[in-house]
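Read the numbers this way: they start at 1 and go in the same order the structure lists the ligands and their atoms. Along the sequence shown, residues are numbered consecutively beginning with 1.
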Amino acid sequence: MRPILILLSMILLNTLVKAQKITFHKDIAPIIHNNCTPCHRPGEAAPFSLISYDDVAKRANFIKKVVSSGYMPPWKPDNDYRTFHNDRSLSKAEKDLIIKWVDNKAPEGSAKAEIQTSAKAYVNGTQYGRKPDTVLKMSKPFPLKGDNSERFIVFKIPFDFDKEQNVEAIEFVSSNKQVIHHANFAIHPVEDNIDIKQGADFVDLSGADRTQYDQYLPFKTKMDYYGGWIPGTSLESYPKDFGWVMPKRGVILLTIHYAPSGKDQEDISGINFFFTPNPIKRKVSVISLGSAGVGEGSIEPYFMIPADTTKSFELKIVTPQDQSVLYVWPHMHLLGKKFKSYAVTPEQDTIPLVSIPDWDFKWQEIYRYKKLVKIPKGSILTIEAFYDNTKSNPNNPSNPPRMVFSANDMKTTDEMMTMLLVFLKYEPGDEDLELDPK
Ligand code: HEC
């Protein structure tokens, strides 16, 4: 009896599922457009577009595979520890829907049925909902030789506006994201008596000779803001009345780490700026904690990972004032395995900030909170990181493993234990303020 019952119920279920008729336009497109298209479209990091029915249908089996295994969409934080506004992981129901649709031979359905609510209209050249007000980018394409070597280049991008500008969002952009390992940029205001056009357009720091860099030192007396990009990272935007002020005149120093490439290529990179005429009531700041930042010398034990060992480190920093945190951005390199950060208040309450139990250098992100997170004055902000410098770490760039330190030149073969924190001074009511960046 039993097998027959099972068979019958399977047939019944099958008919039910068929009756529901999962179609691309009605059911699948909204999921793809929200969770895949931000990266899978022209100009972004993924190797092919996932926009139209054809884009998706011709890769249906492949999509089923990467969605079932959890490889796509990439999302590394532990959602049970802390959830984020920009969570792009799929729910079980969404995954099941995609899998069933593929199993049913990926029917297209009527385009009229497409639900437009969730699928954002993407603007070319940006992940923000509108065109940038200014794009500050390299003056000419950078030629990348196809000689399979990695390169570290610092580009000088001078700017001279007629006035200061209030920034509501910034975004790294590139004509060739697929050749970029990572990028970071610092915005330096420069006094009128210093020529911002002086010096080379870029300096190459790939080799041992770093003296070329000295020509940029006159620009570096002050820094107003900094940010970065790694495949997977989206833009940085702030809620209404929040932001920072872009100086009238200065220089952006943009450091790009180019991945090795087997063929000659070109790249033009820069930064999109989105300004607002509204006054900025709450000034956002960014701080880098750990390697190459605040508290570097307080990492315990001393930040060094001997060959053939695994090692944990901890950094504790006292919060000097009541602060509200918007975003965190954890950063390690290839030996990194686990990353966790939390704050313990003077009352011994623990505030979870972020946990990445299975670190992957390839997928890094600015994690944006749903609401501002208050960290009271006197709290101890803690970062814990775990590294594997043995042969059994498949990402270990050295074979045999070698002793690894943190060196400030960001080579991927060195290590870092860093967290960027985007925050502002706390004001009463912040805990309830929803962060809803576009
Ligand atoms: C954060 C950006 C990002 C998002 C979001 C994203 N992808 Fe990808 N995807 C990539 C990049 C980059 C690659 C190529 C590198 C790689 O395969 O690791 C890729 C590769 C793929 C591949 C090829 C995998 C392989 O082994 O070659 C498939 C299939 C895919 N993505 C499907 C999806 C689907 C389906 C979604 C949404 C459910 C999605 N992706 C969301 C960035 C993204």
Is the closest side-chain donor-acceptor distance between Q265 and S261 under 3.5 Å? yes
Candidate with minimal heavy-atom separation from atom 5 (C) of ligand 1, of I31, N35, V66: N35
With heavy atoms of Y71 as the reference, note each atom of ligand 1 found under 4.0 Å away. 16 (C), 17 (O), 18 (O)
Proximity to ligand 1 by part of K65, non-hydrogen separation under 4.0 Å: neither
Does only the side chain of I98 get under 4.0 Å from ligand 1, or the backbone, or both, or neither? Count heavy atoms. neither
Min heavy-atom dist P38 to ligand 1 below 4.0 Å: no
Test log, rule side-chain contact (heavy atoms from CB on, under 4.5 Å), inputs E236 and Y225: CA-CA 12 Å; E236 210 179 294; Y225 207 78; 2.4 Å; yes
Checking one value in my table: which N/O/S atom of H40 lies closest to atom 8 (Fe) of ligand 1? NE2
Within the 3.5 Å criterion, strictly below it, is a donor on E434 or Y369 matched to an acceptor on the partner's side chain? no
Test item, K362 contacting ligand 1 (heavy atom, 4.0 angstrom): yes
Under a 3.5 Å cutoff, is there a donor and acceptor pairing between the side chains of W229 and N184? no
Out of F62, W363, F48, indicate the one that has the non-hydrogen atom closest to atom 25 (C) of ligand 1. F62
If you count the non-hydrogen atoms of other residues, nucleotides and ligands that lie under 6.0 Å from CZ in F303, is the total more than 12? yes
Atoms of ligand 1, numbered as shown, that sit under 4.0 Å from any heavy atom of C39: 1 (C), 2 (C), 3 (C), 4 (C), 5 (C), 42 (C), 43 (C)
By side-chain contact (heavy atoms from CB on, under 4.5 Å), which residues pair with K92, not counting sequence neighbours? D96
Does a side-chain N-to-carboxylate-O contact under 4.0 Å join K391 and D308? no
Among the heavy atoms of R59, does any lie under 4.0 Å from an atom of ligand 1? no
C36: numbered ligand 1 atoms lying under 4.0 Å from its heavy atoms: 34 (C), 35 (C), 36 (C), 37 (C), 38 (C), 39 (C), 41 (C)
Going by the rule ring pair (Phe, Tyr, Trp, His ring centres under 6.0 Å), which residues pair with F48 if we only count those two or more places apart in sequence or in a different chain? H40
Quick check on contacts: which atoms of ligand 1 are under 4.0 angstrom from a heavy atom of L50? 32 (C), 33 (C), 34 (C), 35 (C)
